[in-house]
There are 2 protein chains.
Amino acid sequence: MRPLFHPAVEDVQPAAILHALSDPTRAAIFARITREGCVEACSAVSALGDRVIPKSSLSSHFKVLREAGLIRCERHGTEMRNHSRILEVEARFPGLLPAIMNAYARSLNDEPPPS
Amino acid sequence: MRPLFHPAVEDVQPAAILHALSDPTRAAIFARITREGCVEACSAVSALGDRVIPKSSLSSHFKVLREAGLIRCERHGTEMRNHSRILEVEARFPGLLPAIMNAYARSLNDEPPPS
DNA sequence: TCCCATAGTTCCGAATTTCGGAACTATGGG
DNA sequence: CCCATAGTTCCGAAATTCGGAACTATGGGA
């Protein structure tokens, strides 16, 4: 397995970032990776509410985030470690990712889960 | 023709905004409406580079922007006037729209059109 | 009033994208 | 060498997007 492709930070496109984060599931995954520094792929499953996300869907979510330049993925043994590229992206597009994550946090506060 | 539906600002969702603006054409339309204050729909066609955007596509782009809460549309006679809701959205999600528009502006500077 | 031009919307089939189960591959440990 | 774990790929079904053609709404004449 050759290392996965990651775009150089100067090739990262706003459209790709917005598309990647326009999916709440991916945004939650990215938020978690950023918050925790490093997250192993499958462990993210159990953490996103109680919804079960199929492995194949998760795999493609990670691929979208990686190709958008939002995360860096490397294999360690049998597991995949995912790191946030937020600092790199922040340098290129100042304020973008914090604003997006704040917006999601805000809207989650506004609408607590329908209990 | 009854007035079009516009979401209240407190119902505006980050996912919808990111999805709407993840399309460069829509982002350009929104940027133009915001910059100029008010733009009539079809006049936006000629302004987006030299690419011809079919009327039906334009119509659905405006619809996506409107339903995401980014613009307000009202009919005046036979034409449609579109206003940016950037101030409302800014109040709810501070920094979000400026950061997105800066990011697009930045990436356009980085890659001038392939002449 | 009727007709026309302008401006947008709707309809609908084709192309593209997303979803997710099942099968497959990679890696490390007995 | 075989197995368990972790992810990826494949592929058909479902959902979205695209855009041409037909349709509708509005206002300005004649």
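Chain A is the first sequence line, chain B the second, and so forth, proteins listed ahead of strands; every chain is numbered from 1.
Side chains of R106(B) and D110(B) form a contact here, defined as non-hydrogen atoms less than 4.5 Å apart. Side-chain atoms of L4(B) and F62(B), non-hydrogen and from C-beta on, never get closer than 4.5 Å to each other. Residues T34(A) and R85(A) have side chains not in contact (no heavy-atom distance under 4.5 Å, counting atoms from C-beta outward).
In this structure, CZ of F5(B) is placed 18 Å from C1' of dT9(C), rounded to the nearest angstrom. Rounded to an integer number of Å, the gap from M80(A) CE to dT5(D) C1' is 13 Å. Per the geometry, CD1 belonging to I71(A) stands 13 Å off C1' belonging to dG7(D), to the nearest Å. To the nearest angstrom, P of dA6(D) lies 6 Å from CD of E40(A). Distance N82(B) CG to dA7(C) P: 14 Å, rounded to the nearest Å. In this structure, the CZ atom of R81(A) is 19 Å from the P atom of dT5(D), given to the nearest Å. In this structure, I29(B) atom CD1 and dG8(C) atom C1' are separated by 14 Å, rounded to whole Å. Distance K63(A) NZ to dA6(D) P: 22 Å, rounded to the nearest Å.
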Validation: residues 63-72 of chain A side-chain donor-acceptor distances under 3.5 Å, sequence neighbours left out:
residue: R66(A); atom: NH1; partner: F5(A); partner atom: O; Å: 2.7
residue: R72(A); atom: NH2; partner: E88(A); partner atom: OE1; Å: 3.3
residue: R72(A); atom: NH2; partner: E88(A); partner atom: OE2; Å: 3.1

Distance-only donor-acceptor pairs under 3.5 Å for side chains of residues 96-105 of chain B, two or more places apart:
residue: N102(B); atom: ND2; partner: P98(B); partner atom: O; Å: 3.4
residue: Y104(B); atom: OH; partner: L21(B); partner atom: O; Å: 2.6

Dot-bracket notation for DNA chain D, counting Watson-Crick and G-U pairs under 3.5 Å, with | for partners on another strand: ||||||||||||||||||||||||||||||
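Within 3.5 Å, no donor on the side chain of S59(B) pairs with an acceptor on the base of dT9(C), nor the reverse.
A donor-acceptor pair shorter than 3.5 Å can be found between the side chains of R51(A) and T25(A).
Applying the salt bridge (charged side-chain N to carboxylate O under 4.0 Å, His left out) test to pairs two or more places apart or on separate chains, none has a residue in residues 6-31 of chain B.
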Under 4.0 Å protein heavy-atom contact, by nucleotide of nucleotides 11-22 of chain D - B base, S sugar-phosphate only: ------SSBBB-
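When the side chain to side chain donor-acceptor pair (under 3.5 Å) test is applied to S22(A), no partner is found at least two apart in sequence or on another chain.
Using a cutoff of 4.0 Å between basic side-chain nitrogens and carboxylate oxygens, R92(B) and E90(B) are not scored as salt-bridged.
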